[in-house]
Protein chains: 2
Amino acid sequence: MNPMSEQTEQRRYHHGDLRAALLEAAEHSLRSHGPAQLSLRDLAREVGVSHGAPRRHFPERQDLLDALAENGYVRLGERIRRAVTSGDPDFAARVQRATSAFAHFAMENRALLELMNAAKHRPEGTGVPRSAEVAFEPLVDLLREGQERRLLRVGSIEEIGIILYATINGLATLVNNGLIDAERLEELIEIAVDQFLRGTAP
Amino acid sequence: MNPMSEQTEQRRYHHGDLRAALLEAAEHSLRSHGPAQLSLRDLAREVGVSHGAPRRHFPERQDLLDALAENGYVRLGERIRRAVTSGDPDFAARVQRATSAFAHFAMENRALLELMNAAKHRPEGTGVPRSAEVAFEPLVDLLREGQERRLLRVGSIEEIGIILYATINGLATLVNNGLIDAERLEELIEIAVDQFLRGTAP
DNA sequence: AACACAAGTAGGCGATGCCTACATTCGTGT
DNA sequence: ACACGAATGTAGGCATCGCCTACTTGTGTT
């Protein structure tokens with residue numbers, strides 16, 4: 001009866017923080033239906049706003065996807081940073097923890113990871129590529145430290161970093177695509193990192 | 001004036017081999033615009049057939065994508081097989097050639113590779129997953145041979161194969177996403193395989 | 001209080017995938 | 001040879017989507 005009672009939420013003309021609400025709804029949709037099914041009009045309905053409203057915050061659909069990806073990299077970076085800086089300070093153990101953190105993130109955010117990987121070939125130094133770079137900084141620093149302490153062979157840190165990243169991300173992708181059971185990822189990562197350290201030992 | 005002269009091609013009611021024509025047009029479209037832009041109606045126009053016709057051969061859009069992916073795995077498998085069985089019979093050299101063949105295929109068929117990787121979580125033992133398995137058989141066999149000849153540590157052949165595959169495919173994906181220059185792929189693969197062999201040595 | 005601007009609404013456009021009903025051709029069995 | 005069923009192609013409809021424009025409502029600043 002009360003014209004403004006709609007599940008405790010009042011329908012004001014202005015939403016208040018539509019951008020955040022859209023991102024939240026998008027993440028939820030992402031978890032249940034994947035990136036391809038994500039529709040702006042759908043999100044607008046979900047949030048209870050007209051189909052044109054999201055345009056004010058995300059002029060193009062891809063802009064929303066980019067925002068999600070960037071957000072994802074921030075969270076991933078945080079987890080990697082924590083993994084590197086806490087716990088057993090042994091070098092190999094820290095590499096294992098960092099990659100394992102990546103693996104867990106990948107499993108808990110499968111569709112998001114796909115988005116993060118696809119947010120590509122944009123002008124460098126801005127947006128998603130930049131946030132991805134930041135996210136992996138702790139891991140790169142860790143590898144650099146390994147080199148300085150003569151635990152890794154000297155050589156282009158960028159090259160071995162890329163290779164390690166490609167391996168971990170590749171394994172996560174295989175899980176995402178159903179070619180590996182999720183339960184096996186942790187074990188495979190452990191083996192892969194072990195091989196990596198062995199292969200890059202001086 | 002002649003009702004049936006349309007660029008040497010006659011417009012017959014039945015196309016003859018529409019399925020193949022669609023796949024060819026799809027591959028062409030894939031090369032220039034990526035998987036997301038691929039439209040059934042577009043292909044139909046290109047081939048000169050009504051928009052509903054493709055449905056007879058590919059009831060759903062995904063079915064066409066699956067066919068492309070499967071076709072891709074067949075061609076990739078052929079290249080891997082050739083790489084393994086020809087040239088310098090040295091074990092490491094054969095592994096390098098096989099992975100390098102993969103890398104070249106990935107660069108020459110970027111959008112297709114994306115499709116191949118995305119053709120996922122389908123009922124096992126049929127279609128795309130099966131053709132992928134077949135494509136990599138020569139490489140798996142090669143690794144098994146390496147184990148028998150004590151060039152690789154013993155252990156689950158499936159595990160180390162998956163890890164090698166994840167690494168190579170991961171690197172190819174990074175190139176596809178523009179995070180690595182294409183010219184560097186060959187070199188990175190070489191380093192990665194070298195590390196792999198070192199890391200899996202007995 | 002006035003006003004410029006941000007944020008949301010409403011409707012339209014072209015395109016897509018999938019659907020159904022119908023038309024044409026092919027191939028096979030008698 | 002031919003009739004008929006199956007395969008293949010056509011035509012049009014439907015809901016949805018992304019993007020666009022014109023208009024409305026609220027906000028915050030001066």
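Throughout, a chain's letter reflects where its sequence line sits, starting with A, and its residues are numbered from 1.
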What's the [atom1]-[atom2] distance between [X] and [N], to the nearest Å?
{"X": "A/R61", "N": "D/dT16", "atom1": "CZ", "atom2": "C1'", "result": "13 Å"}
{"X": "B/L38", "N": "C/dA15", "atom1": "CG", "atom2": "P", "result": "17 Å"}
{"X": "A/L18", "N": "D/dT27", "atom1": "CG", "atom2": "C1'", "result": "16 Å"}
{"X": "A/L40", "N": "D/dG18", "atom1": "CG", "atom2": "P", "result": "5 Å"}
{"X": "A/E60", "N": "D/dC17", "atom1": "CD", "atom2": "C1'", "result": "14 Å"}
{"X": "B/Q37", "N": "C/dA15", "atom1": "CD", "atom2": "P", "result": "14 Å"}
{"X": "A/D63", "N": "D/dG18", "atom1": "CG", "atom2": "P", "result": "13 Å"}
{"X": "A/D42", "N": "D/dC19", "atom1": "CG", "atom2": "P", "result": "15 Å"}

5'-most by nearest nucleotide on DNA chain D - A/R55 or B/A53: B/A53
query: Base, sugar-phosphate alone, or nothing: which one does A/L43 contact when heavy atoms must sit under 4.0 Å apart?
result: nothing
message: Under 4.0 Å, counting only non-hydrogen atoms across every strand here, what does A/R19 touch: a base, just sugar-phosphate, or nothing?
response: nothing
query: A/R56 or A/H51: which one's nearest nucleotide on DNA chain C is closer to the 5' end?
result: A/R56
task: Please check if the distance between the ring centroids of A/F102 and A/F136 is under 6.0 Å.
output: yes
field: Check ion pair A/E24-A/R19 (N to O, under 4.0 angstrom)
entry: no
field: Short N-O contact, B/D90 and B/R94, less than 4.0 angstrom
entry: no
message: Using 0.5 Å steps for rounding, measure from the CG atom of B/D42 to the NE2 atom of B/H51.
response: 13.5 Å
task: State which of D/dG18, D/dG9, C/dT16 makes the closest approach to the side chain of B/V49.
output: D/dG9
[X] side-chain N/O to [N] phosphate OP1/OP2 under 4.0 Å:
{"X": "A/H57", "N": "C/dA6", "value": "no"}
{"X": "A/R41", "N": "D/dT16", "value": "no"}
{"X": "A/S39", "N": "D/dG18", "value": "yes"}

N/O donor-acceptor pair under 3.5 Å between A/R110 side chain and A/N176 backbone: no
